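A quick write-up on the structure given underneath.
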Amino acid sequence: MRARRALLYMPGDDLRKIRKATTLDVDCVCLDMEDGVALSRKDEARVTIPSALRELDFGRAERLTRINPFGSGMEADDLEAALEGRPDGVVIPKVESGDAIRWTADRIAAAERTQGWPAGHIVIIILVETALGIVNLREIASADPRLQAIIFGAEDLAGDIGAIRTPAAWEVFYGRSAVVTHAAAFGLQAIDMVYIDYKDTDGL
């Protein structure tokens with residue numbers, strides 16, 4: 001399993017920023033179709049991302065693509081576009097049950113068979129960032145062998161439970177701990193919440 005010490009999100013509709021990401025020597029670069037892309041720019045991201053995956057040299061970085069959530073109505077078009085570029089992995093946000101993982105895994109497997117790619121080569125990473133996702137972690141963590149890592153989404157979880165985010169993060173302590181515990185129990189990586197205070201590099 002790859003080291004995933006830093007996962008850098010890049011808006012999937014901005015080729016200039018994606019090119020910049022290829023120079024930064026991070027473990028993972030995630031080309032985003034979800035929060036990082038305005039609704040009016042989703043189609044642009046679906047064109048830019050597969051092109052970037054095919055044409056740019058990301059060096060040692062894992063090449064990930066984040067689709068929109070399962071049930072959003074955008075996930076099928078997102079995944080189809082992502083798979084055109086043969087990413088190393090697909091990131092699914094706001095996962096609340098194993099259904100999202102199994103749906104994605106089935107479509108990845110079909111693409112691997114159709115294209116003659118090695119079976120199981122494209123992995124799945126998920127974000128758990130809602131109350132329902134936290135209470136369903138046992139089912140989620142065991143949903144499919146492609147699943148390698150769970151990212152804890154503190155900001156969205158706080159909003160979902162009506163909490164106010166604080167630097168100490170005690171308001172999301174239970175969810176954060178639950179992700180670590182379930183990841184350890186099922187042999188997955190636990191990836192911590194996004195760091196958003198860009199001016200405080202010492203804190204990072």
Side-chain angles (χ1 to χ4, degrees), residues 2-70 72 74-75 77-79 81-95 100-101 104 122-130 133 147-160 165 169 172 175-176 179 183 188-201 203-204:
R2 288 176 179 261
R4 297 185 175 103
R5 297 164 297 180
L7 195 158
L8 178 66
Y9 292 91
M10 284 286 152
D13 61 333
D14 193 328
L15 186 58
R16 181 185 64 82
K17 290 179 180 176
I18 295 172
R19 284 199 181 102
K20 175 67 174 178
T22 67
T23 70
L24 298 178
D25 195 34
V26 295
D27 289 341
C28 311
V29 174
C30 184
L31 308 184
D32 193 18
M33 297 185 193
E34 195 215 8
D35 286 348
V37 179
L39 187 60
S40 61
R41 299 278 297 174
K42 300 293 187 185
D43 286 340
E44 182 68 21
R46 293 180 189 124
V47 173
T48 302
I49 287 174
S51 176
L53 289 170
R54 288 191 299 263
E55 296 171 12
L56 299 181
D57 181 3
F58 287 77
R60 69 175 187 87
E62 183 178 32
R63 304 166 313 125
L64 304 173
T65 299
R66 180 166 68 170
I67 63 175
N68 280 278
F70 180 69
S72 66
M74 295 180 278
E75 69 275 21
D77 288 342
D78 289 350
L79 184 57
L83 292 174
E84 288 177 14
R86 193 180 175 182
D88 298 316
V90 174
V91 178
I92 316 170
K94 297 180 177 64
V95 170
I101 300 167
T104 305
I122 299 173
V123 305
I124 293 175
I125 296 173
I126 63 167
L127 284 113
V128 172
E129 44 194 335
T130 66
L147 179 62
Q148 288 197 358
I150 303 174
I151 305 168
F152 175 56
E155 311 308 321
D156 282 348
L157 177 63
D160 193 44
R165 286 287 282 114
V172 293
R176 195 180 193 187
V179 167
L188 307 174
Q189 291 175 331
I191 300 175
D192 204 8
M193 54 195 180
V194 173
Y195 188 78
I196 59 174
D197 188 355
Y198 306 116
K199 295 181 180 179
D200 182 10
T201 54
L204 175 60

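Model, not experiment: these values are computed from the prediction.
A salt bridge links Arg60 with Asp27: the closest approach of a Lys/Arg side-chain nitrogen to an acidic carboxylate oxygen falls below 4.0 angstrom. A salt bridge links Asp192 with Arg176: at least one charged nitrogen is closer than 4.0 Å to a carboxylate oxygen. With salt bridges taken as basic N to acidic carboxylate O contacts below 4.0 Å, one links Arg66 and Asp32.
In this structure, the side chain of Asn68 engages the main chain of Met33 through a donor-acceptor pair within 3.5 Å. For Lys94 (side chain) and Thr130 (main-chain N/O), no donor-acceptor pair under 3.5 Å exists by modelled atom type. The backbone N or O of Val47 lies less than 3.5 Å from no partner atom in the side chain of Ser51, so there is not a single donor-acceptor pair. Proximity of a side-chain donor or acceptor of Lys20 to a complementary backbone N or O of Leu15 within less than 3.5 Å is not detected. The backbone N or O of Leu64 lies less than 3.5 Å from no partner atom in the side chain of Asp88, so there is not a single donor-acceptor pair. At distances below 3.5 Å, not a single donor-acceptor pair connects side-chain atoms of Asp13 with backbone N or O atoms of Val37.
The structure places CD1 of Ile125 at 11.0 Å from OG1 of Thr65, a figure rounded to the nearest 0.5 Å. Separating the CZ atom in Arg63 from the CD1 atom in Ile49 is a distance of 12.0 Å, to the nearest 0.5 Å. A distance of 9.0 Å separates CG in Leu31 from CG in Leu56, rounded to the nearest 0.5 Å. A distance of 7.0 Å separates CZ in Arg2 from SG in Cys28, rounded to the nearest 0.5 Å. Here the CZ atom belonging to Arg16 is positioned 9.5 Å from the CE atom belonging to Met10, to the nearest 0.5 angstrom. Rounding to the nearest 0.5 angstrom, the gap separating the CD1 atom in Ile101 from the CG atom in Leu147 is 5.0 Å.
Closest approach of Thr48 to Gly12, counting heavy atoms only: CB-O, 3.2 Å. For the residue pair Phe152 and Val179, the shortest heavy atom distance occurs at CD1-CG2, 3.9 Å. Of all the heavy atoms in Ala190 and Ala183, the pair that sits closest is CB-CB, 3.8 Å. Looking at every heavy atom in both residues, Arg46 comes nearest to Ala81 through O-CB, 3.5 Å. Looking at every heavy atom in both residues, Pro50 comes nearest to Ala45 through CD-O, 4.1 Å. Heavy-atom minimum distance, Gly89 versus Ile122: CA-CG2, 4.0 Å.
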Verdict with supporting geometry, Leu53 and Arg86, side chain to side chain contact (heavy atoms under 4.5 Å, CB included): CA-CA 7 Å; Leu53 289 170; Arg86 193 180 175 182; over 6 Å; no
Side chain to side chain contact (heavy atoms under 4.5 Å, CB included) between Thr22 and Val29, worked out: CA-CA 8 Å; Thr22 67; Val29 174; over 6 Å; no
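No side-chain heavy atom of Glu129 sits less than 4.5 Å from a side-chain heavy atom of Asp160. For the pair Phe70 and Leu79, the minimum side-chain heavy-atom distance is 4.5 Å or more. Side-chain contact between Asp35 and Tyr9 is absent, with no heavy atoms from C-beta onward closer than 4.5 Å. In this structure, the side chains of Val123 and Glu62 come closer than 4.5 Å at one or more pairs of heavy atoms.
The number of heavy atoms from other shown groups lying within 6.0 Å of CZ (Arg54) is above 12.
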